[in-house]
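Working notes for the structure below.
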Amino acid sequence: MSVKQFSIEEVARHTKEGDIWIIVDAKVYDLSKFSEMHPGGLSVLLDEEIAGKDATDAFFSLHRHEVLDRPQYKRLQIGTVVGQEPQIFSRNAGELSKVPYAEPTYLTSGYHSPYYNEFAFRKFVEEVLVPDGQIHEDDGKKPEQKIFLEMAKYNVIAMRLGPGPHLKGRKLLGGVKPEEFDSFHDLIMAQELARVHSRAYIDGSGGGTYIGLPPIVNFAKPALRDRVLEDVFSGQKTICLAITEAFAGSDVGGLRCSSKRVSGGFIVTGTYKWITNGTFADYFTTGCRSEKGGLNALLIERGPGVETKPIKTSYSATAGTAYVTFNNVFVPEENLLGEENDGLHVILSNFNHERRVPSHISTTHYLIRWGMCCANIASQRLVVEECLKWVSQRKVFGKPLSSQAVIRSKLAAMISRVESAQSWLENVTYQMSHMKYKDQAVYLAGPIALLKKYTTEAAQDTARDAVQFHRTAPFDAVLGGAEDVLGDLGVRQALRKMPRDVRL
Ligand code: HEM
């Protein structure tokens, strides 16, 4: 389709209320009708530097590029400027970013990595998960059923459980052979999933499976295991892990929910809180107190006596976080996981991607912590990319933010943090993929705990720096002058007042 072309002089004739044209990146926009509805107001568009002019710099100093890609604004474009070509393009789904440090080195042109072969997951994330994620991050609803089916089609649900025998015989996304799927594939998936920009949605689309299914893989009787695995891996049903109580928090040893032996099974009564995916899960992997004082690990199926209510958390309700009540629920014998009264072992061995391994309380969560590090570091990298873009396009007093040394110094710290965390993560992942499973807990639980500590501390520093660039929360830290700018102002004033007659 040919695009209409306008001369700069023609655009310059449209400068009045009800008749405003502007140019952004060689594209001509007719804002005549939109100007009344413009969230930034009419007057800024009527400004003599804007109406009828090339407003590219002013536009990118205030908006993200994606504003122009939204259908309702895209149609405001009526043509292009004669002799000019657009220079700014959005990255297509699956493509790599060209912004420095926006990709780990193994994905950056010109760099090498000792660790990775190619594995394409980004296209799936950006084409399938991102659009649905953006909708449900806002409306708080469960990810669409078609998303579970799409993930199932490429065995993504099974892959999100990490390497292990559950992948055997499956055709995996990216053509990876099941026996070759290792911790680095796992890392790539976790990091690419962070691109959805919605932690809650990622949890909603598989968080419960990640922690609720391993006990089934490892401890359920074959008939139950095969049925549940088929239901979950095919995207038909979902599972969650219910082991945190209002009374006990995450202290599984202190669980109060009770399971009483009856003919053919157990009767379960109790409540669980903060259960990810609980509002919609079909299966609940639980630990319940046994009459002998230990725990019974049971798979409870949604049915009579099972009630789930959403609870408010600090992230979106799309994760399906629930308060779960079991009221005299009958659980058949075949849904017992592992041995009776030995549920603590089942629960503490959880998060193992592979077979049954004796576990120790202090090492229990190391794999889940490793997964959190992957996602967290990837999110920090996204922040670095956003900040690099913003400081280059945002103009203050006629100069980009990046012209300020204090801004560049913050960026240097952000980049250093993310690169060091990624290198440490890759080293730990290399150990994971070369160590026998039973050795991992012994050698890696400590380093992963430290990596997690370093990563989350770094993320908080990076988030604090980033909001200074973007003029958003934390409220008082920016209102009345951003901390870094005020710090610089204070020191510069002190330096001006330095007496000439003092020396060390
Ligand atoms: C194609 C043209 C434009 C479209 C579609 C557009 C759209 C929008 C939208 C959707 C917002 C809400 C915030 C956001 O989503 O980023 C916004 C805010 C704003 N726009 Fe525009 N805009 C256009 C051109 C301009 C121009 C040329 C200026 C010139 C100065 C301008 C000034 C502003 C201001 C001051 C705000 C408020 C920003 C803030 O709250 O920080 N806009 N615009």
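All ligand and atom numbering here is 1-based and tracks the order in the structure.
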**OP:** With sequence neighbours excluded, tell me which residues meet side-chain contact (heavy atoms from CB on, under 4.5 Å) with Leu107.
**Re:** Leu96, Glu103, Pro104, Arg122, Glu192

Original post:
Would you call Asp47 a ligand 1 contact, heavy-atom distance under 4.0 Å?
Top reply: no

**OP:** Report yes or no: does Gln77 have a heavy atom closer than 4.0 Å to ligand 1?
**Re:**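 It does not, in that no heavy atom of Gln77 comes within the 4.0 Å cut-off of ligand 1.
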
**OP:** Would you check whether His63 has a nitrogen or oxygen atom less than 3.5 angstrom from a nitrogen or oxygen atom of ligand 1?
**Re:**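 Yes: some nitrogen or oxygen of His63 is under 3.5 Å from one in ligand 1.
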
Are there more than 12 heavy atoms of other residues, nucleotides or ligands under 6.0 Å from atom [atom1] of [X]?
X: Met37; atom1: CE; result: yes
X: Tyr315; atom1: OH; result: yes
X: Arg64; atom1: CZ; result: no
X: Gln5; atom1: CD; result: yes

Within a distance under 4.0 Å of any heavy atom of [X], pick out the atoms of ligand 1 and give their elements.
X: Val44; answer: 32 (C)
X: Tyr73; answer: 5 (C), 10 (C)
X: Ile50; answer: 27 (C), 29 (C)
X: Leu68; answer: 1 (C)
X: Arg70; answer: 10 (C), 15 (O)

Original post:
Is it true that Arg195 and Glu126 make a salt bridge, defined as a side-chain N closer than 4.0 Å to a carboxylate O?
Top reply: yes

**OP:** Identify whether the distance between the nearest side-chain nitrogen and carboxylate oxygen of Arg464 and Asp461 falls below 4.0 Å.
**Re:**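 Yes, Arg464 and Asp461 are salt-bridged.
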
**OP:** Using a 4.0 Å heavy-atom threshold (strictly under), name the region of Val24 that reaches ligand 1: side chain, backbone, both or neither.
**Re:** neither

Subject >> Part of Leu45 with heavy atoms under 4.0 Å of ligand 1, whether side chain, backbone, both or neither >> reply: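 It is the side chain that gets close, since no backbone atom is under 4.0 Å.
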
Subject >> N, O or S atom within His38 nearest to atom 21 (Fe) of ligand 1, by name >> reply: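 Closest N, O or S atom of His38 to atom 21 (Fe) of ligand 1: NE2.
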
Original post:
Which one of Glu137, Gln134, His136 satisfies the side chain to side chain donor-acceptor pair (under 3.5 Å) criterion with Ser198?
Top reply: Glu137

